[in-house]
Amino acid sequence: FSAGPDADAHPAVDGLPQDQAIAELKSVGLDVSRVEPVNDPEMAEDRVVATDPEAGTEVPPGTGVVLSVATGRVEVPDVTGLDIEEARRLLEDASLSVRELQQPSGDYEPGTVLHQTPTGIQPRFTTIERSVAIEPVTPEPPSPEPTTTEPETPTDEPTDGDTEEPTEDPEDPGAEE
């Protein structure tokens, strides 16, 4: 199937900056009919990810080409509930960095992702913090205090309430006046 006598294969512009791709397509007589932003983990912002029709397709002059151009952002995959290694692979495949926080949990298998932040669409290379279950720390029961009984020894010290104060007797001739 041929697109006609004047048809040419349109050039590959994938990976080029949007402005350069448009200029190159126009230089061979093609138009850009639309630019569609796409979130692509492999391509830097403002770079062409794909074209429609695909590069190499024979098209007549004046054909409109749709450019898919990277936004520089990616969809953060939800890795909650996944094993730590599978979660790491998914996040790194999406061009995201990973920071791990450990969280003791008796409800989840150790190595299970409990929580992640941020979520949604984020710039490439954003650091995703994820909380990962670890074995809960069980405190050791306190050891009982040793009890020793020592025999009480009598003392000559008076105890509270048993002290006697000398009193002065007004009838006593030896008392001071």
Side-chain angles (χ1 to χ4, degrees), residues 1-140:
F1 172 74
S2 174
D6 294 333
D8 285 322
H10 95 67
V13 294
D14 292 6
L16 295 179
Q18 178 179 327
D19 291 343
Q20 185 179 345
I22 291 170
E24 193 161 320
L25 291 170
K26 286 185 178 197
S27 75
V28 296
L30 300 175
D31 292 323
V32 174
S33 59
R34 187 170 73 246
V35 175
E36 293 181 347
V38 294
N39 297 323
D40 186 292
E42 300 299 319
M43 201 64 71
E45 183 177 7
D46 194 46
R47 298 289 178 152
V48 175
V49 175
T51 59
D52 184 22
E54 291 182 15
T57 304
E58 288 192 14
V59 292
T63 298
V65 177
V66 176
L67 295 180
S68 295
V69 178
T71 62
R73 300 172 73 80
V74 295
E75 177 75 35
V76 177
D78 182 4
V79 297
T80 305
L82 298 180
D83 171 78
I84 186 173
E85 293 306 318
E86 181 181 359
R88 176 179 293 282
R89 182 186 54 76
L90 288 172
L91 292 169
E92 288 177 350
D93 286 353
S95 294
L96 297 164
S97 300
V98 179
R99 180 168 176 242
E100 185 175 295
L101 306 170
Q102 296 182 342
Q103 181 175 335
S105 174
D107 298 331
Y108 295 91
E109 195 69 33
T112 302
V113 177
L114 304 175
H115 178 71
Q116 72 182 49
T117 187
T119 59
I121 296 174
Q122 300 295 325
R124 291 172 67 219
F125 310 115
T126 295
T127 298
I128 305 301
E129 288 188 357
R130 61 188 184 161
S131 298
V132 178
I134 61 171
E135 289 286 335
V137 179
T138 53
E140 299 226 358

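Side chains are part of it too, since the values below use all heavy atoms of this structure and drop only hydrogens, waters and symmetry mates.
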J.: Would you check, one step at a time, whether the test side chain to side chain contact (heavy atoms under 4.5 Å, CB included) holds for Leu114 with Tyr108?
T.: CA-CA 8 Å; Leu114 304 175; Tyr108 295 91; 3.4 Å; yes

J.: Where is the tightest heavy-atom contact between Ala9 and Gly56, given as atom of each residue plus distance?
T.: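 Where Ala9 meets Gly56 most closely, the heavy atoms are CB-O, 3.4 Å.
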
J.: Is there side-chain contact between Val13 and Leu67, with heavy atoms separated by less than 4.5 Å?
T.: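 SC-SC contact between Val13 and Leu67 confirmed.
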
J.: Can you list the residues that meet the side-chain contact (heavy atoms from CB on, under 4.5 Å) rule with Glu135, with sequence neighbours excluded?
T.: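 So Glu135 forms a side-chain contact (heavy atoms from CB on, under 4.5 Å) with Pro110.
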
J.: Do Asp78 and Thr80 pass the side-chain hydrogen bond (donor to acceptor under 3.5 Å, both in side chains) test, and can you show the C-alpha distance, the side-chain angles, and the key distance before you say yes or no?
T.: CA-CA 6 Å; Asp78 182 4; Thr80 305; 2.9 Å; yes

J.: Measuring only between side-chain heavy atoms, which start at C-beta, is Ser97 closer than 4.5 Å to Thr126?
T.: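 SC-SC contact between Ser97 and Thr126 ruled out.
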
J.: Rounded to the nearest 0.5 Å, what's the gap from CD1 on Ile128 to OG1 on Thr119? Could you check?
T.: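 Interatomic distance, Ile128 CD1 to Thr119 OG1, rounded to 0.5 Å: 8.5 Å.
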
J.: Report the C-alpha separation of Glu100 and Arg130 in whole Å, then their side-chain angles, then the decisive distance to 0.1 Å, and conclude whether the side chain to side chain contact (heavy atoms under 4.5 Å, CB included) test is met.
T.: CA-CA 5 Å; Glu100 185 175 295; Arg130 61 188 184 161; 3.2 Å; yes

J.: Do Val79 and Leu91 pass the side chain to side chain contact (heavy atoms under 4.5 Å, CB included) test, and can you show the C-alpha distance, the side-chain angles, and the key distance before you say yes or no?
T.: CA-CA 8 Å; Val79 297; Leu91 292 169; 4.1 Å; yes

J.: Tell me, do Glu129 and Leu101 make a side-chain contact under 4.5 Å, heavy atoms counted?
T.: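 Touching, per the 4.5 Å side-chain cut-off.
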
J.: Is there side-chain contact between Val38 and Val69, with heavy atoms separated by less than 4.5 Å?
T.: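 No, their side chains stay 4.5 Å or more apart.
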
J.: Between Arg99 and Thr127 (side chain of the first, backbone of the second, donor and acceptor by atom type, cut-off under 3.5 Å), is there such a pair?
T.: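 Judged by distance alone, no pair lies under 3.5 Å.
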
J.: Say you draw a straight line from CG of Asp40 to CD of Glu45; how long is it, rounded to the nearest 0.5 Å?
T.: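 Asp40 atom CG to Glu45 atom CD measures 12.5 Å (nearest 0.5 Å).
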
J.: Indicate yes or no: at least one non-hydrogen side-chain atom of Val65 is less than 4.5 angstrom from one of Asp52.
T.: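 No. Closest side-chain heavy atoms not under 4.5 Å.
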
J.: Decide yes or no on side chain to side chain contact (heavy atoms under 4.5 Å, CB included) for Thr63 and His10, but give the supporting numbers first.
T.: CA-CA 10 Å; Thr63 298; His10 95 67; over 6 Å; no

J.: Hey, does the side chain of Gln122 reach the backbone of Arg73 with a donor-acceptor pair shorter than 3.5 angstrom?
T.: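 Judged by distance alone, no pair lies under 3.5 Å.
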
J.: Could you tell me whether a side-chain N or O of Glu75 sits under 3.5 Å from a main-chain N or O of Ala94, the two making a donor and an acceptor?
T.: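 Pair absent, no side-chain N/O of Glu75 close to backbone of Ala94.
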
J.: Are any side-chain N or O atoms of Arg47 and backbone N or O atoms of Gly15, one a donor and one an acceptor, separated by less than 3.5 Å?
T.: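 Present.
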
J.: Do Val49 and Asp14 come close enough that some side-chain heavy atom pair is under 4.5 Å?
T.: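 Contact flag for Val49/Asp14 side chains = no.
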
J.: Specify the closest pair of heavy atoms between Thr71 and Pro37, including all atoms of both residues, with the distance to one decimal.
T.: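 In this case the closest contact between Thr71 and Pro37 is CG2-CB, 3.6 Å.
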
J.: Measuring only between side-chain heavy atoms, which start at C-beta, is Val113 closer than 4.5 Å to Ser131?
T.: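 No, every pair of side-chain atoms sits at 4.5 Å or beyond.
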
J.: What is the minimum heavy-atom distance between Pro104 and Pro136, and which atoms define it?
T.: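 Minimum heavy-atom separation between Pro104 and Pro136: CB-CA, 3.8 Å.
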
J.: Give me the atom names and distance for the closest heavy-atom approach of Val76 to Pro118.
T.: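 Minimum heavy-atom contact is CG1-O, 3.8 Å.
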
J.: Please tabulate, for side-chain N and O atoms in residues 19-35, each donor-acceptor pair with protein atoms closer than 3.5 Å (sequence neighbours left out).
T.:
| unit_1 | atom_1 | unit_2 | atom_2 | d |
| --- | --- | --- | --- | --- |
| Ser27 | OG | Glu24 | O | 2.7 |
| Arg34 | NE | Glu36 | OE2 | 2.9 |
| Arg34 | NH2 | Glu36 | OE2 | 2.7 |

J.: Check residues 81-89 and write down every donor-acceptor pair under 3.5 Å in which the side-chain atom is one partner and the other belongs to a residue at least two apart or another chain.
T.:
| unit_1 | atom_1 | unit_2 | atom_2 | d |
| --- | --- | --- | --- | --- |
| Asp83 | OD2 | Glu85 | N | 3.0 |
| Arg88 | NH1 | Glu92 | OE2 | 3.4 |

J.: How close do Ala44 and Ala70 get, counting heavy atoms only, and between which atoms?
T.: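 For Ala44 and Ala70, the tightest heavy-atom pair comes out as O-CB, 3.3 Å.
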
